[in-house]
Amino acid sequence: MPEDSIEHIDFDVLNEKAISKPLVKNIYTADPSAHYFNGKIYIYPSHDVDAGEAFDDLGSHFAMEDYHVISMDNVNSEAIDNGVALHVDDVAWAEKQMWAPDAAHKNGKYYLYFPAKGYDGIFRIGVAVSDSPTGPFTPQPEAIKDSFSIDPAVFEDEDGSYYMYFGGIWGGQLQRWRKGVFNAEQPESPTAHLPNDDEPALLPFVAKMRDDLLEFAEKPKAIEILDKNGDLLLEGDKDRRFFEAAWLHKYNGKYYFSYSTGDTHFICYAIGDSPYGPFTYGGRILNPVVGWTSHHSVCEVEGKWYLFYHDSSLSKGITHLRSIKVAEIKYNDDGSIQTLNPYKI
Ligand code: FUB
């Protein structure tokens, strides 16, 4: 939701109308990646803080330093903050901006994937390992080779393969990698190096993970998001094109790739037959929330499907102080997802 409309919001009224409440109120949390591990819900969010950085379109005000894992016995139970799971000071390669993370579980080990800016100012994706889903996590000494940009989401397929989806434009730097190497020109511009509006939009990336889940097993590949005619979505199609916040889930044998449209504030999805895509645009999962960013995950818990998302209602609209929430989603018989309005009209 644009900043200039926030000053007109009566937050008491808005919070009455919200379809769900913040899951935790002792800290600000965002970008919830939820998983159902061993009969419990574990949410891997960003931990929002006000570090005093000025707002800009590169997201410098998102100056997060650590991660806390939130756990729940079920969707209606109390959400528990399990304390610091990983701090940027313990990650040798990372300087700042611990943005949206995700996690995976394999053979009794838990893997926390996170983007952060290195000392060279470039976002890469790292991994840290723990014997517990709530950490503490021990980081690898270097970022994942060939990783770049932000917002990792790791999907475990039914055959035991794991895939990482990632990427984000503007402050997430995806547009700086169009030629395969980082383009450092015009460092203050979030939109330099983007395609023109009549050209195909930038695409997110996917890479299969190695068996040890610590590195990619292959070079990342771009994943195509198509319209119903089979054409790539265009950069000017701001209500549908990929911006950031990738997620992948499987429903009824189909792969659902979902993402945020960033500056138009929707969470959308596209459907495919392979974890590599192509994915055909399907519609919106979530209409705009209070706050600039929208980010989500989709998780099945005991036969029902839930959208974990965030808004800035608890902070009364402060963009970088967000709160994670959960709401049930429903599928239509044709596989489409019913769009959620985050506030009752
Ligand atoms: O939380 C920082 C950034 O904001 C995330 O990485 C983006 O997806 C957006 O939610």
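Treat the numbers as computed from the prediction; the structure is a model and nothing was measured. Because only heavy atoms are used, hydrogens play no part in the values below, and waters and symmetry mates are left out as well, while side chains stay in. Every number for a ligand or one of its atoms is a count from 1 in the order of the listing.
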Q: So, 4.0 Å and heavy atoms of Q97: is ligand 1 close enough to count as a contact?
A: no
Q: May I ask you to check whether N196 and E235 show a side-chain donor-acceptor distance below 3.5 Å?
A: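 Side chains of N196 and E235: no pair found under 3.5 Å.
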Q: For atom 6 (O) of ligand 1, what's the nearest protein heavy-atom neighbour? Residue, atom name and distance, please.
A: D151 OD1, 2.5 Å
Q: Mind listing the closest non-hydrogen atom pair of Y306 and E328 along with its distance?
A: CD2-CA, 3.7 Å
Q: Using distance alone, determine whether W99 and ligand 1 share an N or O pair under 3.5 Å.
A: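 No: no nitrogen or oxygen of W99 is under 3.5 Å from one in ligand 1.
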Q: Please tabulate, for the side chains in residues 240-247, all donor-acceptor contacts under 3.5 angstrom to protein atoms that are two or more places apart in sequence or on a different chain.
A:
{"residue": "R240", "atom": "NE", "partner": "D237", "partner atom": "OD2", "Å": "2.8"}
{"residue": "R240", "atom": "NH2", "partner": "D237", "partner atom": "OD2", "Å": "2.9"}
{"residue": "R241", "atom": "NH1", "partner": "T261", "partner atom": "O", "Å": "3.0"}
{"residue": "R241", "atom": "NH1", "partner": "D263", "partner atom": "OD1", "Å": "3.3"}
{"residue": "R241", "atom": "NH2", "partner": "D263", "partner atom": "OD1", "Å": "2.9"}
{"residue": "R241", "atom": "NH2", "partner": "D263", "partner atom": "OD2", "Å": "3.4"}
{"residue": "W247", "atom": "NE1", "partner": "V298", "partner atom": "O", "Å": "3.0"}

Q: Hey, is ligand 1 close enough to R322 that some N/O pair sits below 3.5 Å?
A: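 N/O-N/O distance below 3.5 Å exists for this pair.
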Q: What protein heavy atom sits nearest atom 9 (C) of ligand 1, and how far off is it?
A: E244 OE2, 3.3 Å
Q: Enumerate the atoms of ligand 1 whose separation from the nearest heavy atom of M64 is less than 4.0 angstrom.
A: 1 (O), 2 (C)
Q: Apply ring pair (Phe, Tyr, Trp, His ring centres under 6.0 Å) to Y36 and list each qualifying residue two or more places apart in sequence or on a separate chain.
A: none
Q: Does the N or O separation between D48 and ligand 1 drop below 3.5 Å for any pair?
A: no
Q: Taking atom types as modelled and ignoring hydrogens, do the side chains of D311 and Y343 form a donor-acceptor contact shorter than 3.5 angstrom?
A: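 Judged by distance alone, the side chains do pair up.
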Q: Would R322 and Y28 count as a cation-pi pair here, with the cationic atom under 6.0 angstrom from the ring centre and within 45° of the axis?
A: no
Q: Short N/O distance, under 3.5 Å, between H295 and ligand 1?
A: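 By distance alone, the answer is yes.
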Q: Could you find the nearest protein heavy atom to atom 10 (O) of ligand 1 and give me its residue, atom name and distance?
A: D31 OD1, 2.7 Å
Q: Where on A30 is there a heavy atom closer than 4.0 Å to ligand 1, on the side chain, on the backbone, on both, or on neither?
A: neither
Q: Please state whether the rings of F37 and H35 are parallel, tilted or perpendicular, taking 30° and 60° as the class boundaries.
A: parallel
